[in-house]
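Only this structure's heavy atoms are used, side chains among them; waters, hydrogens and symmetry mates stay out. It should be emphasised that the depicted structure is a prediction, and the values quoted were computed from it without experimental measurement.
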Amino acid sequence: MHNAFHFSSLVWDWPIAVYLLLVGISSGMLVLTLLFRRYLPAENQHANPLIAATAIIAPLSVVVGLVILIFHLARPVTFWYLMVFYNPGSIMSLGVMLFQVYMLVLFLWLASLYQQPLLAWSARHLPGALHGLLNGVITRVTRGMRPVENLLLVLALLLGCYTGFLLSALKSFPLLNNPVLPVLFLVSGVTSGVAVLMMVGTSARCRRACPQTLHLLHALEKPIALIELFLLFAFFIGLLLGGGQKTVAAQVALSGFWGGVFWIGIIGIGMLAPLAAGSLPARRRSSPHLPRIAAGLTLLGVFLLRLFVLYAGQMTVA
């Protein structure tokens, strides 16, 4: 186990896995919430508990993830350079640009969604000029709500893919330099979004407020998990058939300590166990505890996937 976490070719360690998990949760929750607002608009207004959870968790998880990344890079004082001086040839710089646009559009969307309480607060606490400016911005965003949500959906999808592109930029590691990785992390992020929303959806208030949304969320759970399983299969088949160090990287990853994490933690606990829980008869799923446990196991599996790809991916060098 010591050798699994400490080896000479290790560049990025476990805090990066936490960062990738948090960004994936934000991306996944927002993708699902925007789709729910489009196809079930009557239930998905600002008072919906699922919308409220997304409004809090989506921006907060990105902020916390970026703070972890900044301090992990050991440059908390000079990191702001990346936010001002852009380098189109750097995947990190492109990611910073994406984060900035994503957060700007996200906050504009949230301001429009909660315009009444926000404008009431600004009328009490802000000068008249600032209140008027805020009112004008929110009014314009509200008029173009559909284009704003379309743009935000595209940005959330790009953010989910970016977490995979960030790792695939480490070209000296065959397992990480894989074209399937961005799509795998995107789908895995949506899986984490389903898990968090399922936890929120176990409350009695949520079951009363959005029954159709919860039904759709349950219906999406199995297909998304199966898509993720297929992508994992494609990910490793491509490596095993690639020959050379790609095959070595796959064999090393699927054996030893990290092989156990993959087969037991990711496939068994993180995917098959929640799928089995979701396949139980409805009368056995009536208790809120089972969905919470299943969602918790799913989140654990998503985190283990990122941890697995990060560490196992850096063990074999091209």
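Between the side chain of Gln314 and the backbone N or O of Leu310 there is at least one donor-acceptor pair closer than 3.5 Å. Side chain of Ser192 to main chain of Gly189: a donor-acceptor pair is present (N/O by atom type, distance under 3.5 Å, no hydrogens or angles).
Transitive grouping of hydrophobic side chains (ILVMFWY, heavy atoms separated by less than 4.5 Å) keeps Phe233 and Leu175 in distinct clusters. Connection of Leu159 to Ile56 is not established within any shared hydrophobic cluster, with ILVMFWY side chains joined at heavy-atom distances below 4.5 Å, either directly or through further cluster members. Both Val317 and Phe7 belong to a single network of hydrophobic side chains, linked directly or stepwise wherever heavy atoms of I, L, V, M, F, W or Y lie under 4.5 Å apart. Clustering ILVMFWY residues whenever any of their side-chain heavy atoms sit less than 4.5 angstrom apart, transitively, puts Tyr39 in the very cluster that holds Ile224. The hydrophobic cluster containing Ile269 also contains Leu226, counting ILVMFWY residues as joined when their side-chain heavy atoms lie under 4.5 angstrom apart, directly or transitively.
Smallest separation of non-hydrogen atoms from Leu307 and Ala17: CD1-CB, 3.7 Å. When all heavy atoms are compared, the tightest approach of Arg306 to Leu20 is NE-O, 3.3 Å. Scanning both residues, Thr247 and Leu240, for their nearest heavy atoms gives OG1-O, 3.1 Å. Taking all atoms of both residues into account, the shortest heavy-atom contact from Ser168 to Leu181 is N-CD2, 4.2 Å. Summarising the geometry of Ala250 relative to Phe236, their closest heavy-atom pair is CB-CD2, 4.1 Å, with the distance given to 0.1 Å. The minimum heavy-atom distance linking Thr54 with Pro59 is given by the pair O-CD, 3.6 Å.
In this model, a donor atom of one side chain and an acceptor atom of the other lie less than 3.5 Å apart for Thr191 and Glu228.
Ring centroid separation for the pair Tyr162 and Phe185 does not come in under the 6.0 Å cut-off. Checked against a 6.0 Å centroid threshold, the rings of Tyr114 and Trp109 do not count as neighbours.
For the atom pair CE of Met145 and CG of Asn150, the computed distance is 11.5 Å after rounding to the nearest 0.5 Å. Rounding to the nearest 0.5 Å gives a distance of 12.0 Å between CD1 of Ile237 and CZ of Phe235. Here CG of Asn135 is found 7.5 Å from OG of Ser122. Values are rounded to the nearest 0.5 Å. Remark: Leu184 CG to Ser188 OG distance equals 6.0 Å, nearest 0.5 Å. One distance of note links CG of Leu155 with CG of Leu30; it measures 9.0 Å at 0.5 Å rounding. Remark: Arg143 CZ to Ile138 CD1 distance equals 13.0 Å, nearest 0.5 Å.
Salt bridge annotation for Glu149-Arg38: absent, with no cationic side-chain nitrogen under 4.0 angstrom from a carboxylate oxygen.
Around the CZ atom of Phe107, the shell of radius 6.0 Å holds more than 12 heavy atoms that belong to other residues, nucleotides or ligands. The neighbour count for Leu60 CG, taken as heavy atoms of other residues, nucleotides or ligands under 6.0 Å away, is above 12.
Taking 4.5 Å as the limit, some side-chain heavy atom of Phe173 sits within range of a side-chain heavy atom of Val11. The shortest distance between side-chain heavy atoms of Leu254 and Phe262 falls below 4.5 Å. Leu216 has its side chain within reach of Leu40: a pair of non-hydrogen atoms, C-beta onward, lies under 4.5 Å apart. Under the 4.5 Å side-chain criterion, counting only non-hydrogen atoms from C-beta, Leu22 is not in contact with Val62. Side-chain contact between Leu229 and Ile267: present, with at least one pair of heavy atoms (C-beta onward) separated by less than 4.5 Å. Residues Val64 and Ser61 have side chains not in contact (no heavy-atom distance under 4.5 Å, counting atoms from C-beta outward). At a threshold of 4.5 Å between non-hydrogen side-chain atoms, the residues His218 and Met198 count as touching. For the pair Leu134/Leu118, a side-chain contact is recorded, criterion being any heavy-atom separation below 4.5 Å from C-beta on.
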Problem set entry | side chain to side chain contact (heavy atoms under 4.5 Å, CB included) evaluation trace for Leu220 with Phe36 | CA-CA 12 Å; Leu220 289 173; Phe36 292 156; 4.1 Å; yes
Exercise. Could you walk me through whether Tyr311 and Trp14 pass the side chain to side chain contact (heavy atoms under 4.5 Å, CB included) check?
Worked result: CA-CA 8 Å; Tyr311 278 92; Trp14 65 267; 3.6 Å; yes
For this session: Would you please test Cys210 and Cys206 for side chain to side chain contact (heavy atoms under 4.5 Å, CB included) and show each step?
Result: CA-CA 6 Å; Cys210 45; Cys206 195; 3.3 Å; yes
Exercise. Run the side chain to side chain contact (heavy atoms under 4.5 Å, CB included) check on Asn178 and Leu167 step by step: do they pass?
Worked result: CA-CA 9 Å; Asn178 191 313; Leu167 294 184; over 6 Å; no
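Listed by chain and residue number, Tyr102 satisfy the side-chain hydrogen bond (donor to acceptor under 3.5 Å, both in side chains) test with Ser26 (two or more places apart in sequence, or in another chain).
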